[in-house]
Number of protein chains: 2
Amino acid sequence: MDNRKQRSERRTDALSRERIVEAAIEILDADGEAALTFRALASRLSTGSGAIYWHVADKGELLAACADAIVVPLMRIEVMAGEPREGIRLIALGIFDAIDRHPWVGSQLFREPWRFGMLQMFESVGARLLKLGVPDKALFDCVSALVSYILGVAGQNAANARMHPEGTDRSSLLAAVAARWEESDAEDYVAVRKMATQLRDHDDRAQFLAGIDLLLNGIAHLR
Amino acid sequence: MDNRKQRSERRTDALSRERIVEAAIEILDADGEAALTFRALASRLSTGSGAIYWHVADKGELLAACADAIVVPLMRIEVMAGEPREGIRLIALGIFDAIDRHPWVGSQLFREPWRFGMLQMFESVGARLLKLGVPDKALFDCVSALVSYILGVAGQNAANARMHPEGTDRSSLLAAVAARWEESDAEDYVAVRKMATQLRDHDDRAQFLAGIDLLLNGIAHLR
DNA sequence: TCACGTTTGGAACACCGTTCCAATCCATCA
DNA sequence: TGATGGATTGGAACGGTGTTCCAAACGTGA
């Protein structure tokens with residue numbers, strides 16, 4: 001009779017898929033992708049690896065569940081309010097910022113794109129493009145270009161973060177690369193030299209948005 | 001005296017960085033990324049792992065060297081001949097096709113983007129955009145959007161290939177996904193349902209090019 | 001011929017994901 | 001109430017990985 005009650009209330013210190021995912025995310029955020037091992041996870045949860053495997057099929061599913069926990073909530077964006085272009089920018093920025101906070105999501109999102117709220121993402125972006133008057137025939141190409149771009153930048157940011165773990169002084173790093181660009185051969189690298197100054201003080205987030213706007217711009221001028 | 005001669009001609013069966021990279025690429029192409037282990041490599045070269053480590057620092061460097069061997073030649077494209085837009089399309093398609101043939105390059109290119117002919121790629125694309133009249137101020141954003149998009153699609157293709165190893169019947173797979181899209185809720189998934197038919201018989205390569213054109217289009221209509 | 005730096009092959013190490021299993025918990029039923 | 005059996009746990013064990021280490025073989029200049 002109180003069957004329902006007892007099922008819904010679980011012992012707080014019992015292992016559960018959510019508690020495992022939560023602990024895994026803590027490890028991922030604190031020490032990066034390579035630090036997430038079943039041993040480290042078991043130790044943090046004061047248990048053995050076998051117990052974890054009872055709740056989670058394997059490491060792939062664990063990573064996917066972690067990424068889900070971060071990404072899926074992002075997909076629930078105000079249904080269709082506001083200007084469509086702005087809506088698309090918000091969706092894109094939401095993903096960008098999430099991956100900025102949790103770089104490991106980038107690689108995961110990338111490794112298995114179809115496990116996540118991809119359907120919702122396609123719908124969110126697609127519906128807004130329809131509202132902008134994109135013809136049905138061009139819709140899929142446009143949405144998929146936007147999504148590819150978003151995931152592409154996401155993945156690259158994750159790679160960047162993996163390479164420059166955190167404390168790195170970003171501006172001096174950029175300055176160093178820019179200096180190298182400026183020193184490259186004046187005849188063979190005309191464009192690179194011109195980009196060097198912009199590289200030095202560019203902002204990843206703004207540049208990401210510029211790319212989105214470029215795509216939206218191209219979509220607006222479809223014939 | 002024949003010092004030079006002896007240095008340049010190496011015994012054909014001696015181990016060398018190039019022979020190792022060559023063998024590694026064969027394994028990668030034949031059996032995928034997971035099959036490349038130092039043991040498998042050593043066995044193929046009839047040697048021990050220690051001998052390989054004398055020529056190659058670690059697995060990361062090995063993978064990077066393999067990717068270099070595929071990608072770097074692609075960057076040497078006819079200096080500045082032909083219509084700039086077409087040139088950019090050719091560069092992009094070159095990378096797309098290379099990754100289609102060697103999916104593992106996609107993930108590697110992605111993991112460490114700056115180890116490769118990225119400078120050349122920035123220059124090749126940038127110079128052509130300059131020729132198209134893109135103002136200096138917008139150059140970096142435009143190039144970087146194009147490069148991000150290219151790498152993004154590349155990575156996703158690699159992920160796809162990893163998931164559907166080869167023999168998979170692509171058209172029936174697409175049909176299955178499309179069917180699922182069509183069955184999704186009629187009210188909440190308007191756009192997805194419209195895209196389903198286009199998903200069913202789309203061509204990855206053409207769609208990739210459509211995205212490039214969208215970006216070029218947006219760049220052309222910059223104000 | 002000798003000596004010495006270069007190159008090799010494979011054993012050994014630490015660690016990983018995963019499997020297996022004995023021990024424990026706990027709700028249910030006789 | 002006590003027994004029973006499934007759900008859940010913790011940790012040992014297994015096969016495999018990247019990497020290190022080192023004794024042996026090679027080959028080249030003195």
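Chain letters run A, B, ... following the sequence lines, proteins first, then strands; residues in each count from 1.
The side chain to side chain donor-acceptor pair (under 3.5 Å) pairs that include a residue from residues 172-181 of chain B are B:D169-B:S172, where partners are two or more places apart or lie in different chains.
Atom-to-atom, CZ of A:R19 to C1' of D:dT9 comes out at 13 Å; the value is rounded to the nearest Å. Atom-to-atom, CG of A:L15 to C1' of C:dC25 comes out at 14 Å; the value is rounded to the nearest Å. Here the C1' atom of nucleotide C:dT8 and the CG atom of B:L41 are 15 Å apart, to the nearest Å.
A donor-acceptor distance shorter than 3.5 angstrom exists from the side chain of A:E123 to the backbone of B:V192, with no hydrogens or angles considered. Here the side chain of B:R89 pairs no donor or acceptor atom with the backbone of B:L209 at under 3.5 angstrom. In terms of modelled atom types and a separation under 3.5 Å, the side chain of A:Y189 and the main chain of B:Q120 share no donor-acceptor contact.
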- request: For DNA chain C, just give me the dot-bracket, please: Watson-Crick or G-U, both distances below 3.5 Å, ( ) intra-strand, [ ] crossing earlier pairs, | paired with another strand, . unpaired.
  value: ||||||||||||||||||||||||||||||
Nucleotide N/O to protein N/O under 3.5 Å, stretch nucleotides 17-24 of chain D:
unit_1 : atom_1 : unit_2 : atom_2 : d
D:dG18 : OP1    : B:K59  : NZ     : 2.6
D:dG18 : OP2    : B:F38  : N      : 3.1
D:dG18 : N7     : B:R39  : NH1    : 2.9
D:dG18 : O6     : B:R39  : NH2    : 2.9
D:dT19 : OP2    : B:Y53  : OH     : 2.7
D:dT19 : OP2    : B:K59  : N      : 2.9
D:dT19 : O5'    : B:Y53  : OH     : 3.0

Grab the N/O contacts between the protein and nucleotides 4-7 of chain D below 3.5 Å, and write none if there aren't any.
none

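Under the side-chain contact (heavy atoms from CB on, under 4.5 Å) criterion, A:A161 pairs with A:P103, sequence neighbours left out.
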query: Taking it one step at a time, do B:M118 and B:V147 satisfy side-chain contact (heavy atoms from CB on, under 4.5 Å)?
result: CA-CA 9 Å; B:M118 262 321 129; B:V147 171; 4.2 Å; yes
Name every donor-acceptor pair, under 3.5 Å, that has one atom in a side chain of residues 67-75 of chain B and the other anywhere in the protein, sequence neighbours excluded.
none

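Residues A:D29 and A:R101 are not paired through a salt bridge, judged by the lack of any N-O separation under 4.0 Å between the basic side chain and the carboxylate. With respect to the salt-bridge test (charged N to carboxylate O, under 4.0 angstrom), the residues A:R111 and B:E33 do not qualify.
Ring geometry for A:Y53 against A:F38 counts as parallel: the plane angle stays under 30°, on a 0 to 90° scale with 60° as the upper cut.
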